[in-house]
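See structure below.
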Amino acid sequence: MDIQLSTHTVTQDRPPTLRYSRTWDYGAPCIAEARDAVGALLEQTRPAPGRRALQDAQLVASELVTNAVKHAPGPCALLLELAPDASALSITVVDTSPELPRQPPPDPGRVGGHGLLLVNMLSGGLGVTPLPRGKRVTATVALHPRPGG
């Protein structure tokens, strides 16, 4: 007995990946713009992240851009990419400094210098890639709690 096989292709409509990118020559306005960009991108996200996740992502973006503006000469760039399942937001900042981010030792009496500690706490760590003219720093912020976590 011959069994006839047929093949078919199932296509699934997948929403396009939500992304945002921007480059600035320099300056403090880009820090506020980075926070605003995170908010605008996450407003389009379904399922929508909670307020805490939005604030965490905005703080991480703000701190990474602040470090680029403060420690690197020249332009910096921001890239935001939402995970396909909307579970996380990847926040990448590219700057022109070859110096890798350094977290100073904890000092509760110090004013400032706590940004990388916050970024590490809120994102679970940094990925740093040296580039021919600077570096790329990436942190990923979870937008929804993991089941059972």
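Because the structure is predicted, anything quoted here is derived from the model rather than measured.
- Note that CD of Glu63 and CD of Gln58 are 12.5 Å apart. Values are rounded to the nearest 0.5 Å.
- Residue Ala61 comes nearest to Val38 through the heavy atom pair CB-CG2, 3.7 Å, listed as atom of the first residue, atom of the second, then distance.
- Applying the salt bridge (charged side-chain N to carboxylate O under 4.0 Å, His left out) test to pairs two or more places apart or on separate chains, those with a residue in residues 115-142 are Asp95-Lys135.
- A distance-only check finds no donor-acceptor pair linking the side chain of His144 to the backbone of Ala88 [under 3.5 Å].
- Here Arg102 contributes atom CZ and His71 contributes atom NE2; the two are 9.0 Å apart, rounded to the nearest 0.5 Å.
- Considering all non-hydrogen atoms of both residues, Val119 and Ala139 come closest at CG1-CB, 4.1 Å.
- Taken from CG in Asp25 to SG in Cys76, the straight-line distance is 9.5 Å, to the nearest 0.5 Å.
- No side-chain heavy atom of Pro101 sits under 4.5 Å from any side-chain heavy atom of Asn67.
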_Verdict with supporting geometry, Val141 and Ser123, side chain to side chain contact (heavy atoms under 4.5 Å, CB included)_ = CA-CA 5 Å; Val141 177; Ser123 69; 4.3 Å; yes

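- In the hydrophobic cluster analysis, where Ile, Leu, Val, Met, Phe, Trp and Tyr join through side-chain heavy atoms closer than 4.5 angstrom, Leu118 is grouped together with Leu89.
- In this structure, CG on Leu79 lies 9.5 Å from OG1 on Thr23, to the nearest 0.5 angstrom.
- Closest heavy-atom contact between Val65 and Cys30: CG1-SG, 3.7 Å.
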*Step by step, work out the side chain to side chain contact (heavy atoms under 4.5 Å, CB included) result for Glu33 and Trp24.*
CA-CA 10 Å; Glu33 289 177 39; Trp24 295 279; 2.8 Å; yes

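- Between the side chain of Thr45 and the backbone N or O of Pro47 there is no donor-acceptor pair closer than 3.5 Å.
- The closest donor-acceptor contact from the side chain of Arg52 to the backbone of Pro49 lies at 3.5 Å or more, if one exists at all.
- Considering only heavy atoms from C-beta on, Val60 stays 4.5 Å or farther from Thr140 through its side chain.
- The two residues Ser90 and Thr92 make their nearest non-hydrogen contact at OG-OG1, 3.9 Å.
- With hydrophobic clusters built from ILVMFWY side chains whose heavy atoms lie under 4.5 angstrom apart, Tyr20 does not share a cluster with Val94.
- Residue Val93 comes nearest to Ala68 through the heavy atom pair CG1-CB, 3.7 Å, listed as atom of the first residue, atom of the second, then distance.
- One finds the CG atom of Leu64 at 6.5 Å from the CG atom of Leu126 (value rounded to the nearest 0.5 Å).
- With rounding to the nearest 0.5 Å, the separation of CG in Leu78 from CG in Leu80 is 4.0 Å.
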